[in-house]
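Quick notes on the structure that follows.
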Amino acid sequence: MQKQLLGILLCIISIQIQAQQDSITNQYFKQEVIQFMDSIAEEHIEKNNTTGIGYAIVQDGELLTTKGHGLANIDENRPFSSNTSFRVASVTKLVTATAVMQLHSKGLIDLHRDIRNYLPDFNYKSIEGDSVTLQNLLTHTAGFEDKNLERRTHDASKQIPLKEYLYNEMPERVTKAGETFAYSNHGLALAGLIVEEVSGKVYEDFIQTELLSPLQMANSTFDVSKATDFAMSYQKESQQWKPVPFDYIKTKPASMLISTAEEMAKFMNFHLQTSSKNDGSLISNSSFAEMHSQQFTHHPQLPGIAVSFFEAHQNGLRLLRHGGTATNYGSFLCFIPEKGIGIFITHNGGDESLSKEMVQQFIHRFFPSTYSEPTWNKNTTTDLSEINGEYVMNRFSHSTIEKLNLLFTYKVKIEATEDSSISLWGQEFREIAPLLFENTNENWKIGFGKNRKGDIGWFYNENFAYKKLKWFESEKFTLFAVATLFLLFLFNLIRYVLLKVKKVHVSHATAIFNLLGIVSIVFIFLAIYNGRDELQYQIPTYFYAIFCLPLFTVALGVFTIIREFQKRQELSIGGKVNYLLHLIVFFSFTWFMWFWNLIGFNFG
């Protein structure tokens with residue numbers, strides 16, 4: 001009996017010693033975190049990388065640190081604090097997804113049912129008989145093209161109800177549901193509209209009463225006029241920070257939440273709480289588990305996407321994260337579930353990816369990289385030459401004038417090398433499984449997918465899909481085609497002038513056609529290139545005049561072709577050659593303008 005009592009006593013002492021050691025370890029970790037975050041935040045402020053930074057780090061329900069550095073408002077010399085409010089931008093999507101899962105937890109929503117069950121009067125184009133579900137909306141796999149035309153406004157009075165906006169301005173569907181990832185602000189906004197319709201409350205009211213208030217996030221809001229200690233955003237011009245006007249985004253459930261670092265800590269702790277601590281009043285443990293589990297991936301060995309959380313594999317850890325950028329605000333939220341850690345960082349000026357960079361710094365500091373040598377696929381049957389080409393992120397317009405932005409969009413160039421590897425971003429990747437490659441000096445995997453013709457048509461990096469450009473979509477070909485058309489129009493116009501000087505009879509209509517062709521090309525390219533940002537707010541009136549030019553050009557081209565065809569018997573050999581050249585120029589111009597959605601008023 002005495003031995004048993006002694007054993008129990010020793011066990012209790014051992015547990016107490018372990019608890020004290022854990023407490024000491026936790027306190028040491030907490031101090032390390034505080035010192036590290038202070039140092040990197042101050043370093044970025046001192047380097048003038050941004051004007052202000054706010055952050056919050058939590059672990060196992062405890063707030064390790066939350067703080068602000070720099071300035072929230074330069075003119076007022078107001079410091080950035082943990083209670084400074086700011087736009088979290090696309091991190092809002094996690095709040096919207098959480099609201100959906102609250103309704104799902106109560107049995108009011110099924111993620112796998114057609115969204116028309118919740119929006120009976122909403123119509124979308126079905127592709128091969130598919131259905132769009134809430135899961136598709138929340139994983140960006142509904143197949144919507146990207147669209148930014150008139151999605152923003154600087155005037156609060158020009159905001160319109162969510163349902164009215166989405167029913168009138170929803171982008172076209174271009175891929176089958178569940179087939180590939182295509183980031184969609186409109187898709188997440190549509191999920192927010194379903195929250196409205198199912199709950200019977202306006203989206204913002206539901207979020208406020210059913211989520212923010214219970215979590216005691218009193219300073220979080222969708223109304224900037226109610227925000228306290230609000231941080232301005234800034235952009236650097238001639239080494240000086242200039243304020244950026246606040247804008248209102250019409251896809252509100254995708255990007256309009258305003259919060260503070262301290263309150264985002266509460267949101268993170270809500271998600272990271274253990275099942276034993278969750279009373280299920282807001283969301284059930286099973287719904288939490290589903291929300292944090294992978295819902296879609298392009299390849300089983302690549303990170304995918306949970307319910308709006310992006311998966312990442314870094315330094316042997318599974319991460320759940322989401323970033324957000326809006327008019328020079330940048331925010332990044334990251335969970336390390338197995339460590340019970342949540343990290344949120346925001347800033348109000350400079351490079352919009354700075355918050356993500358700071359999260360990466362945190363992970364590398366406290367969870368160093370562990371590299372394991374992969375097993376290379378020596379018996380590859382993949383023809384690497386098929387992978388060669390340019391790829392662009394699958395986030396662009398297919399049906400509006402915004403498609404031309406592909407010319408100005410960053411493109412990924414991938415090349416096969418002579419030693420059975422591929423070169424990408426200055427790194428070497430070798431195949432470890434069919435169409436799956438890994439970096440030769442770190443465990444970074446990428447993949448490729450085939451299109452419906454069986455050719456390599458997709459490149460996958462992390463969660464994102466990149467579409468392989470066809471030869472006629474490439475920047476080089478497009479610029480070559482534009483230059484060639486321009487020179488042909490110019491050549492015909494100069495020839496007209498020379499013949500006119502020699503008093504040779506020539507067609508005035510053909511000359512006007514060539515002149516309109518030159519003017520169309522020059523004006524449209526200049527208008528779209530210089531007006532890319534403005535188009536997000538409004539379609540300028542002069543755009544309607546400019547986009548009449550291709551219509552007039554094509555109409556006049558048809559007229560001249562028909563007229564010359566009627567006179568074909570009278571044409572000399574030289575006249576017939578000129579007619580053939582005219583046909584080539586006309587059809588090339590017409591195809592080019594049609595392909596890039598530049599004929600008519602394709603403004604969405």
Indicate whether any N or O donor in one side chain lies under 3.5 Å from an N or O acceptor in the other, for [X] and [Y].
| X | Y | result |
| --- | --- | --- |
| D351 | S353 | yes |
| K147 | N185 | no |
| S90 | K93 | yes |
| Q314 | Q360 | yes |
| D130 | S126 | yes |

So does [Y] get a backbone contact from the side chain of [X], meaning a donor-acceptor N/O pair under 3.5 Å?
| X | Y | result |
| --- | --- | --- |
| N117 | D114 | yes |
| T139 | Q295 | no |
| N315 | L317 | no |
| S82 | G68 | no |
| K403 | S397 | no |
| N348 | G52 | yes |
| Q59 | G342 | no |
| N463 | G304 | yes |
| E145 | E172 | yes |
| S284 | G280 | no |

Looking only at heavy atoms, what is the nearest atom pair of [X] and [Y], with distance?
| X | Y | value |
| --- | --- | --- |
| L103 | V195 | CD1-CA, 3.9 Å |
| E462 | L302 | O-CB, 4.5 Å |
| G61 | N269 | CA-OD1, 3.3 Å |
| R152 | K250 | O-CE, 4.3 Å |
| G192 | L162 | C-CD2, 4.1 Å |
| T98 | H271 | OG1-NE2, 3.0 Å |

#### Entry: Audit row: F267, F344, ring pair (Phe, Tyr, Trp, His ring centres under 6.0 Å) steps and yes/no
CA-CA 10 Å; F267 180 75; F344 177 80; 9.3 Å; no
So, [X] versus [Y], ring centres under 6.0 angstrom or not?
| X | Y | result |
| --- | --- | --- |
| Y165 | H186 | yes |
| H44 | H69 | no |
| F288 | F270 | yes |
| Y460 | Y466 | no |
| Y203 | F222 | yes |
| F309 | F335 | yes |
| H298 | F296 | yes |
| W444 | F429 | yes |
| F396 | H398 | yes |
| F464 | Y391 | no |
| H322 | F332 | no |

Legend entry - Row check, F230 ring normal vs R87 NZ/CZ: under 6.0 Å, within 45°: no
Find out whether the Lys NZ or Arg CZ of R151 is both under 6.0 angstrom from the six-membered ring centre of Y248 and within 45° of the ring's axis.
no
message = Is there a side-chain hydrogen bond (donor to acceptor under 3.5 Å, both in side chains) between D121 and Y167? Walk through the geometry before answering.
response = CA-CA 9 Å; D121 53 347; Y167 273 49; 2.7 Å; yes
Would you sort out whether E210 and Q102 count as a side-chain hydrogen bond (donor to acceptor under 3.5 Å, both in side chains), showing the intermediate values?
-> CA-CA 9 Å; E210 304 299 323; Q102 284 183 280; 5.5 Å; no
Q.
Given W425, which partner from the list N439, V412, I446 fulfils the side chain to side chain contact (heavy atoms under 4.5 Å, CB included) test?
A.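 So the option named by the test is V412.
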*F36 and side chain to side chain contact (heavy atoms under 4.5 Å, CB included): which partner among I40, I34, D38?*
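Per the side chain to side chain contact (heavy atoms under 4.5 Å, CB included) rule, the option paired with F36 is I40, out of I40, I34, D38.
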- Are there more than 12 heavy atoms of other residues, nucleotides or ligands under 6.0 Å from atom CD of Q216? no
Quick one, K467 with N451, criterion side-chain hydrogen bond (donor to acceptor under 3.5 Å, both in side chains). Give me CA distance, side-chain angles, the key distance, then yes/no. CA-CA 10 Å; K467 182 180 180 292; N451 56 30; over 6 Å; no
Working for side-chain hydrogen bond (donor to acceptor under 3.5 Å, both in side chains), residues E262 and T66: CA-CA 6 Å; E262 193 166 295; T66 179; 5.3 Å; no
**Study point:** Steps toward ring pair (Phe, Tyr, Trp, His ring centres under 6.0 Å) verdict (F80, H347)
**Key:** CA-CA 9 Å; F80 205 119; H347 66 283; 9.5 Å; no
| Using 30° and 60° as the class limits, which term best fits the ring planes of F366 and F29: parallel, tilted or perpendicular? |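 Aromatic pair F366/F29 classed perpendicular.
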